[in-house]
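Quick notes on the structure that follows.
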Amino acid sequence: MSILKSNEFRMPKTLLVGPNCVNSLDKEIKKLNKRKALVVTDMVMQEVGFVDRITGLLSKVGVDAEIFAEAPGEPTNIQVEKGLEIYHESGCDFLVGLGGGSPIDTAKAIGIVAANPGKITDYMGIEKVLNPIPPVVAIATTAGTGSEVTKFTIISDVENDVKMLIGSSNIIPEIAVSDPMFTLSVPPKTTAATGIDALCHAVEAYVSKKAQPLTDILALSAIRLISENLRQAWADGENIEARTNMMLAATQAGLAFSNASVTLIHGMSRPIGACFHIPHGISNAVLLPVWAEYTYIGNPKKFADIAAAMGENIEGLSILEAAYKTYEALKRLCSDIQIPPIRSLGIDKDKFEKMLPKMANDAIASGSPANNPRNVTQTDIIELYRKAW
């Protein structure tokens with residue numbers, strides 16, 4: 001990374017952050033001058049009353065809402081097409097994504113096909129979305145994916161068992177809301193998975209070959225906050241200070257990786273999710289320590305910075321020794337919050353072994369591994385999968 005080159009940094013036009021910041025959302029939505037929203041969410045958000053809260057804010061400024069509460073745990077092209085049909089039939093002119101990364105990713109994807117020809121499967125890759133999408137209001141209810149601030153959406157192509165990474169500056173949400181009060185009821189397992197997902201975003205953005213000065217600042221801040229608060233948020237979900245710091249960290253990490261990209265972890269995790277229907281956060285988390293042990297030698301200076309940001313004492317150590325401390329710290333954190341190995345996720349070992357060549361090929365094809373500080377081959381990836389088993 002060099003400051004002696006031009007860089008591009010993109011983010012939502014409006015970002016609301018902090019406890020109860022959602023209460024300002026109606027004023028921001030009024031500025032959009034829109035009539036009807038398609039609220040993309042899931043049944044849990046309806047059951048806990050979050051949908052009613054958001055539609056109430058919309059109605060305060062004269063905006064109607066149609067509810068599409070069928071966003072699955074891992075969004076697919078099928079749900080996108082169904083949501084698009086409802087969007088058009090209901091006369092909607094913008095979208096609200098309410099929930100974790102899945103509803104927000106689904107809302108972005110519906111926006112893509114609402115404003116561009118063809119199917120969502122036509123847009124796998126980077127900067128293939130040529131027309132700006134309708135405004136998206138992204139309201140995060142977990143501290144992890146960062147989708148509320150990013151230019152990415154991940155949609156599964158069910159016919160081909162591929163998790164499609166779609167990236168475009170045209171799909172960044174218009175308004176992003178990161179209110180930690182939505183996260184107080186998130187259970188420990190989800191807190192762990194989404195928290196480590198955010199940490200993956202931060203460390204990958206920091207060491208990515210596409211890193212830049214602004215993303216470095218955000219990534220290191222996110223790493224510190226997660227290291228200091230994830231254990232507490234996992235142990236006591238009602239710890240508002242820990243929840244607030246985790247939500248801020250997830251937002252910072254999202255901004256960082258949206259502009260610096262991710263690396264090998266995400267390249268390897270998407271095939272796990274596509275082939276075995278493992279949630280995105282978990283599929284990232286099970287790979288994090290293995291990735292660090294493999295990769296730290298590729299950029300020991302930055303990995304030493306990560307160790308320091310995680311609170312490791314690196315005084316008197318060589319750069320390489322300090323870099324290795326990152327692997328140890330990540331492994332310890334994952335153990336503390338009970339991140340399981342792949343073998344504990346209900347995956348059949350024989351099927352896992354059989355799918356390894358496809359998963360390795362899909363990982364490389366995603367493009368993310370090309371940003372990794374240490375180069376990687378298909379054979380390397382297969383061995384890393386086995387090590388994470």
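One-based numbering along the sequence shown.
- Legend: side chain to side chain donor-acceptor pair (under 3.5 Å) pairs involving residues 98-119, not counting sequence neighbours, sorted by first then second residue: Asp105-Ser147, Lys108-Ser147, Lys108-Thr150, Asn116-Asn131.
- Here CD of Gln378 is found 12.0 Å from NZ of Lys358. Values are rounded to the nearest 0.5 Å.
- Counted by atom type alone, Glu228 and Asn245 present zero donor-acceptor pairs between their side chains at under 3.5 Å.
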Please step through side chain to side chain donor-acceptor pair (under 3.5 Å) for the pair Glu241 and Thr244, ending with a clear verdict.
CA-CA 5 Å; Glu241 181 178 1; Thr244 298; over 6 Å; no
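- Atom CD of Glu204 sits about 4.0 Å away from atom CD1 of Ile265, to the nearest 0.5 Å.
- Checked for salt-bridge contact, Lys30 and Asp26 miss the test: no charged N lies under 4.0 Å from a carboxylate O.
- Inspection of the Glu74 and Ser156 side chains reveals no N or O donor paired with an N or O acceptor under 3.5 Å.
- A salt bridge links Lys387 with Glu293: the distance from a Lys NZ or Arg NE/NH1/NH2 to an Asp or Glu carboxylate oxygen falls below 4.0 Å.
- Met247 places none of its side-chain heavy atoms less than 4.5 Å from the side chain of Thr142.
- Using a 4.5 Å cut-off between side-chain heavy atoms of Ile, Leu, Val, Met, Phe, Trp and Tyr, with links allowed through other members, Met164 and Met359 fall into different hydrophobic clusters.
- Among residue pairs with one or both ends in residues 184-200, those qualifying as side chain to side chain donor-acceptor pair (under 3.5 Å) are Thr191-Arg243, Asp197-His201, Asp197-Asn284; sequence neighbours excluded.
- Side-chain atoms of Ile226 and Ile196, non-hydrogen and from C-beta on, never get closer than 4.5 Å to each other.
- Checked for salt-bridge contact, Glu85 and Lys82 miss the test: no charged N lies under 4.0 Å from a carboxylate O.
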Atom pairs and distances, donor-acceptor, side-chain atoms in residues 320-329, under 3.5 Å, two or more places apart:
| residue | atom | partner | partner atom | Å |
| --- | --- | --- | --- | --- |
| Glu321 | OE1 | Ser318 | N | 2.9 |
| Glu321 | OE1 | Ser318 | OG | 3.3 |
| Thr326 | OG1 | Phe303 | O | 2.5 |
| Thr326 | OG1 | Ala307 | N | 3.1 |

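- Under the 4.5 Å side-chain contact rule for hydrophobic residues, Leu165 and Ile120 do not share a cluster.
- In the hydrophobic clustering of ILVMFWY residues, with side-chain heavy atoms under 4.5 Å counting as a link, Val136 and Ile139 come out apart.
- Residues Ile223 and Leu199 meet the side-chain proximity criterion, which asks for heavy atoms closer than 4.5 Å.
- In this structure, Phe352 and Phe276 have tilted ring planes: the angle between them lies in the 30° to 60° band.
- Between the side chains of Ser178 and Thr251, at least one donor-acceptor pair of N or O atoms lies under 3.5 Å.
- Within a 6.0 Å sphere centred on CD of Glu159, other residues, nucleotides and ligands contribute more than 12 heavy atoms.
- Pairs engaging residues 35-57 under the side chain to side chain donor-acceptor pair (under 3.5 Å) rule: Asn23-Arg53 [sequence neighbours left out].
- Under the 4.5 Å side-chain contact rule for hydrophobic residues, Trp291 and Ile339 share a cluster.
- Judged purely by distance below 3.5 Å, without hydrogens or angles, the side chains of Asn371 and Ser261 pair a donor atom with an acceptor atom.
- If you chain together hydrophobic residues whose side chains sit under 4.5 Å apart, Phe152 and Met11 never meet in one group.
- For Phe94, the ring pair (Phe, Tyr, Trp, His ring centres under 6.0 Å) test picks out no residue, with sequence neighbours left out.
- Exactly one of Asn299, Asp305, Asp216 qualifies for a side-chain hydrogen bond (donor to acceptor under 3.5 Å, both in side chains) with Tyr206. That residue is Asp305.
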Let me check something: any side-chain donor-acceptor pairs from residues 308-315 under 3.5 Å, sequence neighbours excluded? List them with distances.
| residue | atom | partner | partner atom | Å |
| --- | --- | --- | --- | --- |
| Glu312 | OE2 | Arg332 | NH2 | 2.5 |
| Asn313 | OD1 | Glu315 | N | 3.1 |

